[in-house]
Amino acid sequence: MSRAALLVLADGRFPAGGHAHSGGAEPAVRAGRIRDAHELEAFCRGRLHTTGLTSAALAAAAATGLDPVALDAAADARTPSPALRATARRLGRQMLRAARATWPGPALDALARAFPRGSHQPVVLGLTARAAGLGPEDAAHCVAYETVSGPATAAVRLLSLDPFQATAVLARLAPDLDRVAAAAAVAAARVPDEGLDALPAASAPLLDITAEQHATWPVRLFAS
């Protein structure tokens, strides 16, 4: 296991396309649900313990070597919003391009052949973590951090929020990140005995609704 590889994969500058997405922060800002650092923290915590937990468990399961095709179907079933499914596949396609250039291997090549239009991003990230020599909890940590860092970064641009305050939000969420990553890895470890239903299916209906609305906006700063 390489901690340096973990840093590379979790780095916001890894060219996987995440910088163009707000994680639901843009419609939340427009609706007045995020107006300051306090409300940003509440938004991120809610996202982390719902869709973040679900995505982290999918990534952890992929990192253990479970069938990515079956995991992709499980991700589809856990993503009721068509807009978010499309976003997850776009991000997965971009991440797979970056991953194959960074940690080339037959497993990533096979995934690209199986999903030419892109697999769900958490599944790709988990398989990428495995290719980089990382473990399930490492993959879960990457997803959990991305779940909150995306909205925090977006809020800096959308609200002209002090970046120091946004970073402090991420620091205060660190214990939650650890707990979610650990729970995701535990759930992934149960899949061989209990099947894919062992993976969390926590959802955030308001994020689904606002994602569909956001997709219809003629002018927007972020892709999602």
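In this chain, residues are counted from 1 in sequence order.
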Query raised in the report: How about Arg113 and Asp109: do any of their side-chain heavy atoms sit closer than 4.5 Å?
Result: yes
Query raised in the report: Given the rule that I, L, V, M, F, W and Y join up when any side-chain heavy atoms are under 4.5 Å apart, are Leu91 and Leu108 in one cluster?
Result: no
**Report entry** Single-linkage hydrophobic cluster Val143~Val124, side-chain heavy atoms < 4.5 angstrom
**Finding:** yes
Query raised in the report: What heavy-atom pair brings Phe43 and Gly23 nearest, and what distance separates the two atoms?
Result: CZ-O, 3.6 Å
Requested in this report: Among Leu66, Val191, Thr54, find the one that has a side chain to side chain contact (heavy atoms under 4.5 Å, CB included) with Leu199.
Outcome: Val191
Query raised in the report: Could you state the interatomic distance from NE2 (His120) to CG (Asp76), rounded to the nearest 0.5 Å?
Result: 3.5 Å
Query raised in the report: Can you check whether His141 reaches Asp178 side chain to side chain, under 4.5 Å on heavy atoms?
Result: yes
Requested in this report: Test side-chain contact (heavy atoms from CB on, under 4.5 Å) on Leu134 and Trp103 and set out the steps.
Outcome: CA-CA 12 Å; Leu134 299 171; Trp103 295 288; over 6 Å; no
Query raised in the report: If you round to the nearest 0.5 Å, how far is CG of Leu127 from CG of Leu71?
Result: 9.0 Å
**Report entry** Validation row: Pro27, Gln213 side chains within 4.5 angstrom (heavy atoms)
**Finding:** no
Report summary line: Closest heavy-atom pair, Ala139 versus Ala63, reported as atoms and distance to 0.1 Å, is CB-CB, 3.9 Å
Report summary line: side-chain hydrogen bond (donor to acceptor under 3.5 Å, both in side chains) test vs Gln121 passes for just one of Arg93, Glu146, Arg89, namely Glu146
Query raised in the report: Looking at CG of Asp162 and CG of Asp36, how far apart are the two atoms once the value is rounded to the nearest 0.5 Å?
Result: 12.5 Å
Report task. Please test Arg100 against Leu96 for side-chain contact (heavy atoms from CB on, under 4.5 Å), starting from the C-alpha separation and ending with a verdict. Result -> CA-CA 6 Å; Arg100 293 173 76 192; Leu96 190 56; 3.9 Å; yes
**Report entry** Single-linkage hydrophobic cluster, 4.5 Å side-chain cutoff, Leu53 and Leu170 together
**Finding:** yes
Query raised in the report: Where do Leu206 and Arg33 land on the side-chain contact (heavy atoms from CB on, under 4.5 Å) test, with the steps shown first?
Result: CA-CA 11 Å; Leu206 187 57; Arg33 287 188 289 272; 3.7 Å; yes
Query raised in the report: Between Arg190 and Asp193, is there a salt bridge with N-O shorter than 4.0 Å?
Result: no
Report summary line: Output for pair (Leu125 CG, Phe14 CZ), nearest 0.5 Å, gives 8.5 Å
Query raised in the report: Hey, quick one: are Leu159 and Leu221 part of the same hydrophobic cluster, counting side-chain heavy atoms closer than 4.5 Å, chains of contacts allowed?
Result: yes
Query raised in the report: Taking the side chain from Thr51 and the backbone from Ser203, do they hold a donor-acceptor pair closer than 3.5 Å?
Result: no
Query raised in the report: Salt bridge between Arg30 and Glu26, side-chain N to carboxylate O under 4.0 Å?
Result: no
Query raised in the report: Is a donor on one side and an acceptor on the other found under 3.5 Å between the side chain of Arg172 and the backbone of Glu41?
Result: no
Query - Gap between atom CZ of Arg45 and atom CG of Asp176 - 0.5 Å precision - result: 4.5 Å
**Report entry** Atom OH of Tyr145 with >12 non-hydrogen neighbours under 6.0 angstrom
**Finding:** no
Report task. Taking all heavy atoms of Ala184 and all of Ala140, pick out the closest pair and write down the distance. Result -> CB-CB, 3.9 Å
Query raised in the report: Looking at Leu6, Thr147, Asp11, which one forms a side chain to side chain contact (heavy atoms under 4.5 Å, CB included) with Cys142?
Result: Leu6
Query raised in the report: Where do Leu58 and Ala74 come nearest, in terms of heavy atoms and distance?
Result: CD2-CB, 4.2 Å
Query raised in the report: Between the side chain of Arg78 and the main-chain N/O of Ala202, is any donor-acceptor distance below 3.5 Å?
Result: no
Query raised in the report: Crowded around Arg90 CZ? As in, over 12 foreign heavy atoms under 6.0 Å?
Result: yes
Requested in this report: To the nearest 0.5 angstrom, please state how far the CD atom of Glu137 sits from the OG1 atom of Thr64.
Outcome: 13.0 Å
Report summary line: Looking only at heavy atoms, the pair that brings Glu39 and Gly32 closest together is OE1-O, 4.3 Å
Report summary line: Correct closest heavy-atom pair for Ala16 and Met95 would be CB-CE, 3.7 Å
Requested in this report: Might you work through the side-chain contact (heavy atoms from CB on, under 4.5 Å) test for Val180 and His49, ending with a clear yes or no?
Outcome: CA-CA 7 Å; Val180 165; His49 286 281; 3.7 Å; yes
Query raised in the report: Is there a chain of hydrophobic side chains (I, L, V, M, F, W, Y, each step under 4.5 Å between heavy atoms) that links Val148 to Val156?
Result: no
Query raised in the report: Given Ser81, which of Thr87, Thr210, Asp208 fulfils the side chain to side chain contact (heavy atoms under 4.5 Å, CB included) condition?
Result: Asp208
